[in-house]
Asker: 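Attaching a single structure in structure tokens format; questions to follow.
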Amino acid sequence: MRTFLRVLEWTFRNDFVEPFIEIVLFIIIFIAASSTFINPGGNTQIFSSLTWNLIYIIVILVGIGGVRSYSLGLERGEVVRQMSSLRLTRSGFLWRKWLSLYLIFASMLLITDAIIFFEDFGFFPNPTLASNWGSFGLLTWVFMVPEQLALLVFLNSLVAILSLVFRNTTVSLLIYFVYTFLGVSLYTVSHLGVASYLQLGYGDYQIVNTASDHYFYLLYQPYNTIGLRVSALNAAFYVGVIYRVVGGLIMLVLAALRFRGMDLD
Amino acid sequence: MKISLRGVSKSFGSTHALRSVTLEFSEGVNLLLGPNGSGKTTLINVLAGITYPDSGTITIDGLEFRAERRGEWRKGVRLLTSRMGLLSDKPGYPPNYSGLDLLRFSIPPEADPDDAKEWLHEIIGTLEMEGYISRRIAGYSSGMVQRLGVAASLVARPSLILWDEPIANLDAKSRLAVVELAKKVVSAGSTLIVASHILAEFEPVTNWLGIMRLGEMVVSGTIDELGGTTGTYLAETDSPVELARVLLEHGVVKSLTLGPDSVRFVMEENRDFALESLIGGSGIRVRSLRRELMKPSEIYRKYEAV
């Protein structure tokens with residue numbers, strides 16, 4: 001645990017040059033807040049498009065942080081410095097670094113989510129907005145948080161594998177941006193192909209909205225007007241979740257295997 | 001700790017960085033010498049687990065690990081890295097840390113805090129880093145950074161220390177301070193492996209020498225094994241003046257230096273055979289007579305010239 005905290009501290013203080021994180025956090029909150037009217041209780045639909053509003057800055061932040069930690073860290077000898085100073089094995093180092101980056105990104109997103117949550121619910125406790133509690137908006141927020149955490153698993157692992165395979169900061173970042181921006185822009189409302197399931201940005205559409213719709217009706221209106229149960233979650237939901245979580249974990253395993261077998265000089 | 005390598009090779013594309021290197025390190029200070037590009041850094045990196053060799057074997061305290069099986073090699077290197085202090089050619093210092101932050105970062109969590117603090121201050125004091133150790137590393141000069149690297153490699157009290165060019169950017173005083181620390185850690189039982197193209201400062205403390213050229217280990221071994229003897233003799237006696245007179249009268253020495261209870265002299269060519277009978281016949285009591293061993297620099301010149 002103590003070695004993990006040291007890697008986390010290194011990542012926070014060195015891989016992100018202070019006050020990079022603070023600036024990015026401000027931008028994230030600004031983007032999130034300005035994407036809707038500051039109108040407490042007025043627009044809970046922001047939760048169903050929050051990831052979409054933030055996706056570019058999430059992608060950019062994870063890309064820069066990851067490439068800085070892995071590719072540039074290898075080029076500058078910082079990876080070896082951390083491993084030798086803390087006497088870590090290669091896999092021991094990789095999971096600590098991955099988790100450090102993950103926790104930093106996740107904390108920033110959770111802070112944003114929390115601020116938007118309280119903004120929308122009138123800064124609890126606000127008795128005039130009591131009806132919002134237990135509403136569709138709340139359910140959407142509940143699904144949006146794990147959806148964003150799953151997105152981070154994918155992006156964090158993607159940047160790890162690219163950085164360790166190409167070992168060149170510029171090339172790794174370029175390929176990462178091409179892949180992720182393409183993933184973001186795959187979304188079109190009318191797109192019916194598999195590609196629409198593999199989008200990165202609009203997980204709040206394929207995952208959050210599908211799940212919150214489904215569970216809202218399951219919880220509050222299990223039978224529709226003609227007495228039939230609500231339909232099951234669709235393929236887009238499962239593909240989206242599996243793509244992010246399982247895909248992310250597979251890439252992490254591949255990154256670990258690559259890291260174990262490579263020369264670090 | 002006994003470490004030996006057998007047939008270790010490593011190529012980067014068409015460049016053969018190590019060509020079937022075989023050696024056995026000794027305890028104390030082990031010095032790897034060779035010009036730039038001779039493979040010293042690659043060898044240090046192989047020992048540090050940074051680079052995997054293509055082939056060969058490493059033996060650590062009697063346990064053998066083969067490079068052809070990477071998992072096996074990793075296990076072997078893990079035995080070294082778990083007790084190793086490293087100063088590598090790419091030291092990778094975090095610019096936003098202070099030197100003190102980095103040194104504290106390198107202290108093992110399980111270390112006794114009082115002991116660690118005392119040792120930390122001793123290192124900082126010996127290397128005269130007090131004036132800047134609390135400043136951000138980003139503002140350090142190359143010499144400051146070099147001293148920090150040496151300090152960081154020692155702070156965990158490792159039993160194996162690998163240094164790649166530890167004195168390259170240092171002034172004369174700092175070089176001596178580094179050698180002073182080397183003596184200290186070696187006397188505490190650590191094994192030190194130093195790759196350097198600078199010999200002078202480490203010469204007095206070196207007891208093992210490896211000379212590399214173009215990826216090959218030209219020769220390696222302890223100074224006793226490699227050096228052989230020079231043409232210089234050292235005779236310890238209570239009558240140095242009388243002994244010097246005898247040697248000069250018989251015209252067998254080229255040069256001669258008197259000590260308070262010894263005579264150091266260089267024999268004329270092919271006159272060594274007469275020495276013992278000459279001294280024996282003089283009636284002068286000589287406590288010991290021996291040929292001096294070659295210094296590392298002399299050994300280096302001898303083999304580098306081959």
Side-chain angles (χ1 to χ4, degrees), chain A residues 1-23 65 68-94 96-97 100 104 163-164 167-169 256-265, chain B residues 10-12 17 41-54 70-71 73-75 77-78 80-98 101-111 136-138 148-149 151-153 155-156 158 160-162 164:
Chain A
M1 186 62 183
R2 279 182 290 188
T3 53
F4 168 68
L5 290 176
R6 289 188 187 187
V7 174
L8 178 64
E9 185 195 350
W10 179 298
T11 308
F12 189 76
R13 288 180 59 187
N14 190 61
D15 294 351
F16 295 95
V17 179
E18 296 163 289
F20 179 78
I21 288 185
E22 291 86 336
I23 292 169
R68 172 69 187 78
S69 294
Y70 300 114
S71 278
L72 200 61
L74 278 170
E75 285 174 23
R76 291 185 177 177
E78 289 172 2
V79 169
V80 170
R81 160 64 53 201
Q82 291 168 83
M83 284 173 58
S84 66
S85 288
L86 300 174
R87 299 178 174 186
L88 294 171
T89 60
R90 292 183 178 217
S91 0
F93 170 76
L94 190 73
R96 283 174 176 86
K97 181 57 79 178
S100 297
I104 290 170
S163 299
L164 295 175
R167 299 193 55 169
N168 179 298
T169 307
L257 291 173
R258 165 74 181 156
F259 189 60
R260 281 180 70 181
M262 69 195 282
D263 290 337
L264 304 180
D265 54 354
Chain B
K10 175 69 182 176
S11 296
F12 298 101
T41 294
T42 305
L43 188 52
I44 290 285
N45 287 346
V46 161
L47 292 168
I50 297 170
T51 301
Y52 290 114
D54 302 326
R70 198 155 277 193
W73 182 271
R74 265 199 298 270
K75 272 186 201 164
V77 168
R78 181 77 191 133
L80 300 181
T81 55
S82 61
R83 45 187 164 172
M84 180 185 80
L86 174 68
L87 169 66
S88 74
D89 65 327
K90 282 196 283 188
Y93 304 111
N96 285 334
Y97 274 44
S98 70
D101 287 339
L102 180 68
L103 295 181
R104 286 184 179 143
F105 178 88
S106 307
I107 296 173
E110 67 277 9
R136 284 177 70 221
I137 296 173
L148 178 64
S153 70
V155 77
L160 172 67
I161 300 154
L162 304 179
D164 193 357

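Numbers restart at 1 for each chain; the letters A, B, ... are given by sequence-line order, proteins then strands. Computed from a predicted model, the values in this text were never measured in an experiment.
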Asker: With a 4.5 angstrom heavy-atom cut-off, could you sort out which part of A:Met262 is near chain B: side chain, backbone, both or neither?
Answerer: backbone

Asker: Classify the ring geometry of B:Tyr97 against B:Phe105: parallel below 30°, tilted from 30° to 60°, perpendicular beyond 60°.
Answerer: perpendicular

Asker: Measure B:Arg136 against the heavy atoms of chain A and call it side chain, backbone, both or neither at under 4.5 Å.
Answerer: neither

Asker: Count the heavy-atom pairs under 4.5 Å between each of B:Pro109, B:Ser106, B:Pro158 and chain A, then report the option with the highest count.
Answerer: B:Pro109

Asker: For a quick check under 3.5 Å, do A:Thr169 and A:Ser71 share a side-chain donor-acceptor pair by atom type?
Answerer: no

Asker: Pick one of side chain, backbone, both or neither for A:Glu75, based on which atoms fall under 4.5 Å of a heavy atom in chain B.
Answerer: backbone

Asker: Looking at B:Leu102, B:Thr41, B:Ile107, B:Thr42, which has the largest count of heavy-atom pairs under 4.5 Å with chain A?
Answerer: B:Ile107

Asker: Considering only heavy atoms, which portion of B:Asp101 lies under 4.5 Å from any heavy atom of chain A: side chain, backbone, both, or neither?
Answerer: side chain

Asker: Looking only at atom types and distance, does a side-chain atom of B:Tyr93 sit under 3.5 Å from a main-chain N or O of B:Gly149, one as donor and one as acceptor?
Answerer: yes

Asker: Do A:Lys97 and A:Glu78 sit within salt-bridge range, that is, some charged N less than 4.0 Å from a carboxylate O?
Answerer: no

Asker: Would you indicate whether A:Arg87, at its atom CZ, is surrounded by more than 12 heavy atoms from other residues, nucleotides or ligands within a distance under 6.0 Å?
Answerer: yes

Asker: Chain A heavy atoms under 4.5 Å from B:Phe12: which part of the residue, side chain, backbone, both or neither?
Answerer: side chain

Asker: If you apply the rule side-chain contact (heavy atoms from CB on, under 4.5 Å), what do you find for B:Thr81 with B:Leu86, and how did you get there?
Answerer: CA-CA 9 Å; B:Thr81 55; B:Leu86 174 68; over 6 Å; no

Asker: Could you go through the side-chain contact (heavy atoms from CB on, under 4.5 Å) check for A:Leu8 and A:Ile104 one step at a time?
Answerer: CA-CA 8 Å; A:Leu8 178 64; A:Ile104 290 170; 4.1 Å; yes

Asker: Which bit of A:Leu72 comes within less than 4.5 Å of chain B, counting heavy atoms only: side chain, backbone, both or neither?
Answerer: neither

Asker: Tell me which of these, A:Gln82, A:Arg76, A:Arg260, has more heavy-atom pairs under 4.5 Å with chain B than the rest.
Answerer: A:Arg260

Asker: So which of B:Ser82, B:Gly71, B:Ala48 has the biggest tally of heavy-atom pairs under 4.5 Å with chain A?
Answerer: B:Ser82

